[in-house]
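So the structure is just underneath, and the comments pick up after that.
The shown structure was predicted, so the numbers you read here are calculated from the model rather than taken from an experiment.
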Amino acid sequence: MLNDRYQIGPAQIEALYQYAKFQFECGNYSGAADYLYQYRALCTNSERSLSALWGKLAAEILMQNWDIALEELNRLKEIIDSKNFASPLNQVQSRIWLMHWSLFIFFNHDNGRTQIIDLFNQDKYLNAIQTSAPHLLRYLATAFIVNKRRRPQFKDFIKVIQQEQHSYKNPITEFLACVYVNYDFDGAQKKMRECEEVILNDPFLGKRVEESNFSTVPLRDEFLENARLFIFETYCRIHQRIDMGVLAEKLNLNYEEAERWIVNLIRSSKLDAKIDSETGAVIMEPNHLNVYEQLIDHTKALNGRTYKLVSQLLEHAQAQTTR
């Protein structure tokens, strides 16, 4: 119809693609995005259409249209996940490229910290990270740390950190390994300082916000606050009585700051704990099971299940014998 009525054929449609590319290279990202949108509506070549979608994503990112960029990112994800690639390696590479591009969106979009967990923590994408791009683990780890809603996937992610700690090391992933794998709180304290340096020097994590005459890095403050909370919660699961001075050292704070921080935490999170001012200690309530008590409970349950399983096996063996 286009060819008959307007003399628009494959050559003219291809010229539209080249013109959109020219506009992009000239810095006219708005025009490039519009032309690429029109091109994709007319294009019948799936490979060329995919290339145009990558270009439109780049244009929207450069214009900082984060909502539209997120929509294009999701379209790309659907195509990459459903497309038949020449080899599985090409599909893995496309997923890795998508995750790299997504960093621009996730660390600028209002809901990006949740979205990055939704994408990076999917099995296919997490496998791609572990196989070819372990450096992306720092961004997923940071998202888990600063995300206020502790997701059920966090425990599974700690297992990934444990698996990868010998092949890839970064202060942020090492911090999680210190707290949740090795229970090395002195090591975690040192890693917190290193994490701060990593965040400040990272182009995505260290995004600065200008307020009046001050420049702040919001993610750094959130990270350090939540990192202290991780240390405190884990330390409290192991100990029922904690010296305030020792805790202040673990949290990398002075005594007064640590006391104030813990008081605010107890009030806000309804933590089963109290501060003994006379002895300068934090006392966990007795109904708070520590790690050793939890191990004993799990072991008891394991014994019961093992006994039941052995009984079933013996019954099955006896039944087979009588037959």
[Y] side chain reached by [X] side chain, heavy atoms, under 4.5 Å:
X      : Y      : answer
Asp34  : Ser30  : yes
Leu140 : Leu126 : yes
Gln165 : Thr173 : no
Lys159 : Asp156 : yes
Ser102 : Phe120 : yes
Leu137 : Phe157 : yes

Under 3.5 Å, is there a donor-acceptor pair between the Glu164 and Ser167 side chains?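 Distance-only check passes for Glu164 and Ser167.
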Scan the side chains in residues 52-60 for donor-acceptor partners under 3.5 Å anywhere in the protein, sequence neighbours excluded, and list what turns up.
unit_1, atom_1, unit_2, atom_2, d
Lys56, NZ, Glu60, OE2, 2.9
Lys56, NZ, Glu72, OE2, 2.9
Glu60, OE1, Asn65, ND2, 3.0

If every non-hydrogen atom of [X] is compared with every non-hydrogen atom of [Y], which pair is closest and at what distance?
X      : Y      : result
Tyr168 : Asn170 : OH-CB, 3.4 Å
Cys178 : Gly187 : SG-C, 3.8 Å
Ala128 : Val92  : CB-CG1, 4.0 Å
His100 : Ala133 : CE1-CB, 4.3 Å
Gly31  : Asn28  : N-OD1, 3.1 Å
Gln91  : Ile80  : NE2-O, 2.9 Å

Tell me whether the rings of Phe154 and Tyr180 are parallel (<30°), tilted (30 to 60°) or perpendicular (>60°).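 Rings of Phe154 and Tyr180: perpendicular, over 60°.
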When the ring planes of Tyr139 and Phe204 are compared, do they come out parallel, tilted or perpendicular, using 30° and 60° as the limits?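 Perpendicular, since the angle between the ring planes exceeds 60°.
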Evaluate the criterion side-chain contact (heavy atoms from CB on, under 4.5 Å) for residue pair Ile116 and Leu103; output intermediate values, then yes/no. CA-CA 8 Å; Ile116 192 173; Leu103 295 175; 4.1 Å; yes
Shared hydrophobic cluster, [X] / [Y] (ILVMFWY, side-chain heavy atoms < 4.5 Å):
X      : Y      : answer
Tyr125 : Leu89  : no
Ile79  : Trp97  : yes
Leu73  : Ile68  : no
Leu205 : Leu200 : yes
Leu229 : Phe144 : yes

What verdict does the side-chain contact (heavy atoms from CB on, under 4.5 Å) test give for Gln122 and Gln153, after you've listed the backbone C-alpha separation in whole Å, the side-chain angles of each residue and the deciding distance to 0.1 Å? CA-CA 10 Å; Gln122 289 182 32; Gln153 305 102 304; over 6 Å; no
Pairwise distance [atom1]([X]) to [atom2]([Y]) - rounded to 0.5 angstrom:
X      : Y      : atom1 : atom2 : answer
Leu50  : Cys43  : CG    : SG    : 10.0 Å
Ile96  : Leu136 : CD1   : CG    : 8.0 Å
Thr279 : Met244 : OG1   : CE    : 8.5 Å
Asn45  : Arg40  : CG    : CZ    : 12.0 Å
Leu176 : Asn182 : CG    : CG    : 11.5 Å
Lys191 : Asn252 : NZ    : CG    : 14.0 Å

Who are the ring-ring contact (aromatic ring centres under 6.0 Å, His included) partners of [X], not counting sequence neighbours?
X      : answer
Tyr39  : Tyr17
Trp66  : none
Tyr19  : Tyr35
Tyr235 : Phe185, His239

Which pairs with one or both residues in [range] pass salt bridge (charged side-chain N to carboxylate O under 4.0 Å, His left out), sequence neighbours excluded?
range            : answer
residues 7-22    : Glu14-Arg48, Lys21-Glu25
residues 89-107  : Asp81-Arg95
residues 252-266 : none

Do other residues, nucleotides or ligands put more than 12 heavy atoms under 6.0 Å from Phe22 CZ?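 Counting neighbours around CZ of Phe22, 12 or fewer heavy atoms of other residues, nucleotides or ligands fall under 6.0 Å, so no.
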Taking NZ in Lys169 as the centre, count heavy atoms belonging to other residues, nucleotides or ligands within less than 6.0 Å. Is the count above 12?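 Atom NZ in Lys169 is not crowded, with 12 or fewer foreign heavy atoms closer than 6.0 Å.
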Out of the candidates Lys207, Arg113, Arg228, only one should pair with Glu222 under the salt bridge (Lys or Arg N to Asp or Glu O under 4.0 Å) rule; please name it.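 When Lys207, Arg113, Arg228 are each tested with Glu222, the salt bridge (Lys or Arg N to Asp or Glu O under 4.0 Å) holds only for Arg113.
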Please list all pairs passing the ring-ring contact (aromatic ring centres under 6.0 Å, His included) test where one or both residues lie in residues 246-268, with sequence neighbours left out.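 Qualifying pairs: Phe232-Trp261.
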Mind checking what makes side chain to side chain donor-acceptor pair (under 3.5 Å) contact with Asp186, not counting sequence neighbours?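 Checked Asp186 against side chain to side chain donor-acceptor pair (under 3.5 Å); matches are Lys250.
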Before you tell me yes or no, could you show the steps for Ile172 and Ile145 under side-chain contact (heavy atoms from CB on, under 4.5 Å), namely the whole-Å CA-CA distance, both residues' side-chain angles and the distance that decides it to 0.1 Å? CA-CA 9 Å; Ile172 296 173; Ile145 290 170; 4.2 Å; yes
Under 3.5 Å donor-acceptor, Glu196 side chain and Arg220 backbone: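 No; zero donor-acceptor contacts below 3.5 Å.
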With distance as the sole test, does Asn108 use its side chain to make a donor-acceptor pair with the main-chain N or O of Phe104 at under 3.5 Å?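 Indeed, once roles are kept as given, a pair shorter than 3.5 Å links the two residues.
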Which other residues belong to the hydrophobic cluster containing Tyr37, where Ile, Leu, Val, Met, Phe, Trp and Tyr are joined when side-chain heavy atoms lie under 4.5 Å apart, directly or via other members?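 Traced through the cluster, Tyr37 reaches no other member.
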Members besides Tyr29 in its Ile/Leu/Val/Met/Phe/Trp/Tyr cluster (side-chain heavy atoms under 4.5 Å):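 Joined to Tyr29, directly or through intermediates: Phe24, Leu62, Met63.
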Criterion salt bridge (charged side-chain N to carboxylate O under 4.0 Å, His left out) on Lys83 and Glu47, from CA distance to verdict: CA-CA 10 Å; Lys83 185 175 181 291; Glu47 291 296 329; 2.8 Å; yes
Step-by-step side-chain contact (heavy atoms from CB on, under 4.5 Å) determination, Val217 to Val209: CA-CA 6 Å; Val217 182; Val209 175; over 6 Å; no
